[in-house]
Protein chains: 2
Amino acid sequence: MVDNQEKTEEKILKAAEEVFQKKGMTGARMQEIADTAGINKALLHYYYRTKDKLFEKVINMAFSKFFPRVINIMGSGISVFEKIEVFVSNYLDLIAKHPFIPGFVINELNRNPQILISLFEKNIRLKEEGLIDKFNIQLQEEVEQGIIKPIDARNLMVNIVGLCIFPIVAKPIVQGVIFGNDKKQYNDFLKQRKEHVIDFVISSIKMD
Amino acid sequence: MVDNQEKTEEKILKAAEEVFQKKGMTGARMQEIADTAGINKALLHYYYRTKDKLFEKVINMAFSKFFPRVINIMGSGISVFEKIEVFVSNYLDLIAKHPFIPGFVINELNRNPQILISLFEKNIRLKEEGLIDKFNIQLQEEVEQGIIKPIDARNLMVNIVGLCIFPIVAKPIVQGVIFGNDKKQYNDFLKQRKEHVIDFVISSIKMD
DNA sequence: ATTTAGTTTAACCATTTGGTCAAATTTATG
DNA sequence: CATAAATTTGACCAAATGGTTAAACTAAAT
């Protein structure tokens, strides 16, 4: 039955996402994914022949969830300050919704940078649009207009993304070391991050 | 022979560091560690009875390498601006020397946050000194003196560490997505990060 | 030279793990 | 209903993996 098939495949993907993101490619067990999906291990292999195939699908889904958004915002026609605001706001919302994806993707890419190539093939948008170069042109225009202090687009992008992602990826350290493992304090901290990061970045580049 | 013993144990630790940092706890194989150390697998178990014991030693070494430095700098008697300068400079040098440690520690801590507890026992310094609270007092003093804009110590610390660590931890993404996999461009980028991060942070909090 | 303690090895073991297969069950089709 | 096709399962397999053991080797101590 088509309906049941889709339900099963959906269950598998959900389970695989969960287990892979929590345990990583090498730590994840096919048996655990099958258990989580509430199915037999053989059925898992029936839908996705190998662990690698399943993993590729999952990391591809994770990657796809994060990158299109970046491109749309940075490529839009608004001012630099507005871009920072919209980007940080959207990105932090997205991370809050999928808190395990950034660490998962970063870790797996470190384990096997080769993955990025196949990821690019299926997310063909970044390089060819010259996105960063365009954003850099906009930046330098606003620099010349005396709106912002001199800064390079690459540094700015890395800063913004880093400020957004780091507190989540390094959650155990931030929550443990800085907040003495107090979950509430950590969550409150995250809630005020959006406003803070926007302030922090704009404050840094705004011309007095 | 004592000399040979130390040499073997040293070789094992070096090999374990390398393999664990590259493959992670779950991805690392005792056989590969033994091969890397140029010894037999049984000898590996002779020195460190289990994989867990060896792993604990390695992650403890990694953790110890990074945290004492933070404490000494942030607890010293210099101004906020000087602290930012010295900290970023020292931290980026340290990361350059051990580029795989941050990602390794972050990832393993996400896999098993429990590790942090045993890490604290052997690095007993952070919480009891009230380091962050002291730094926050210094910050608020300089805020009142009109030297810096209002900011919380926790946000500032997370920002600084994040700005330092992110480009290294997310190396495949930064190098791949932003620099089209051009190693030289990426390395040049890292070289100018020290100056840039210091500028970026101070610029953000400095009162006009 | 013999004993003793520490070191190293090859062979082995039990368990885990990714993956397979034939049979059973369910669903769609004539 | 009957047959074919797709789906699901339990049992099984080979390879990998963490760990053990008994024996061999080395170097110092008696």
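Letters go in sequence order (proteins before strands), and every chain restarts at 1. Computed from heavy atoms alone, side chains included, the values below leave out hydrogens, waters and symmetry copies. The model shown is predicted, which means the values in this text are computed figures rather than measured ones.
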* Ionic contact status for Asp133(A) with Arg154(A), cut-off 4.0 Å ->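 A salt bridge links Arg154(A) with Asp133(A).
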
* Asked: Going by an N to O cut-off under 4.0 Å, is there a salt bridge joining Lys53(A) and Glu56(A)?
  ->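 Looking at Glu56(A) together with Lys53(A), the answer is no, because their closest N to O distance does not fall below 4.0 Å.
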
* Compute the bend angle of the helix from dA1(C)-dT30(D) to dG30(C)-dC1(D) from the end axes (five pairs per end), rounded to 10°. =>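 Inter-axis angle at the ends, rounded: 10°.
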
* To do: May I ask you to decide if the ring planes of His196(A) and Phe200(A) are parallel, tilted or perpendicular, using 30° and 60° as cut-offs?
  =>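 It falls in the tilted class, 30° to 60°.
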
Starting from [atom2] on [N], measure out to [atom1] on [X] and report it in whole angstrom.
X	N	atom1	atom2	result
Asp52(B)	dG18(D)	CG	P	10 Å
His45(B)	dA11(C)	NE2	P	17 Å
Asp35(A)	dT8(D)	CG	P	16 Å
Glu32(A)	dG18(C)	CD	P	10 Å
Tyr48(B)	dT7(C)	OH	C1'	15 Å
Met30(A)	dT15(C)	CE	P	24 Å
Lys51(A)	dT16(C)	NZ	P	16 Å
Lys53(A)	dG18(C)	NZ	C1'	15 Å

Below 3.5 Å is the cut-off: list the nitrogen or oxygen pairs between protein and nucleotides 10-12 of chain D, distance only.
unit_1, atom_1, unit_2, atom_2, d
dG10(D), OP2, Asn40(A), ND2, 3.1
dG10(D), N7, Asn40(A), ND2, 3.3

Between [N] and [X], is there an OP1 or OP2 to side-chain N/O distance shorter than 4.0 Å?
X	N	value
Arg49(A)	dG19(C)	no
Arg29(B)	dG18(D)	yes
Thr8(B)	dT8(C)	yes
Tyr46(B)	dT9(C)	no

* Asked: For Phe20(A), is the NZ or CZ atom of Arg29(A) found under 6.0 angstrom from the centre of its six-membered ring and inside 45 degrees of the ring axis?
  ->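 That pair does not qualify as a cation-pi contact.
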
* Does Arg193(B) count as lying over the ring of Phe166(B), i.e. NZ or CZ under 6.0 Å from the six-ring centre, within 45 degrees of the axis? ->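 Not satisfied by the 6.0 Å and 45° rule.
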
* Asked: To the side chain of Ile39(A), which of dT9(D), dT8(C), dG19(D) is closest?
  ->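 The answer is dT9(D).
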
* Around atom CZ of Phe100(A), are there more than 12 heavy atoms of other residues, nucleotides or ligands at under 6.0 Å? ->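 No.
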
* Out of Lys65(A), Lys57(A), Lys22(A), which residue meets the salt bridge (Lys or Arg N to Asp or Glu O under 4.0 Å) rule with Glu17(A)? ->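 Testing Glu17(A) for a salt bridge (Lys or Arg N to Asp or Glu O under 4.0 Å) against Lys65(A), Lys57(A), Lys22(A) leaves exactly one candidate, Lys65(A).
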
Which heavy-atom pair separates [X] from [Y] by the least distance, and what is that distance?
X	Y	value
Leu116(B)	Gly176(A)	CD2-CA, 3.8 Å
Val174(B)	Phe189(B)	CG1-CE2, 4.4 Å
Pro167(A)	Leu163(A)	CD-O, 3.3 Å

* Report the residue (Gly38(A) or Met25(B)) whose heavy-atom-nearest nucleotide on DNA chain D is the more 5′ of the two. =>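 Its nearest nucleotide being more 5', the pick is Gly38(A).
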
* Asked: Which part of the nucleic acid, if any, lies within reach of Ala34(B) when heavy atoms closer than 4.0 Å are counted: base, sugar-phosphate only, or nothing?
  ->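 Nothing, no heavy atom under 4.0 Å.
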
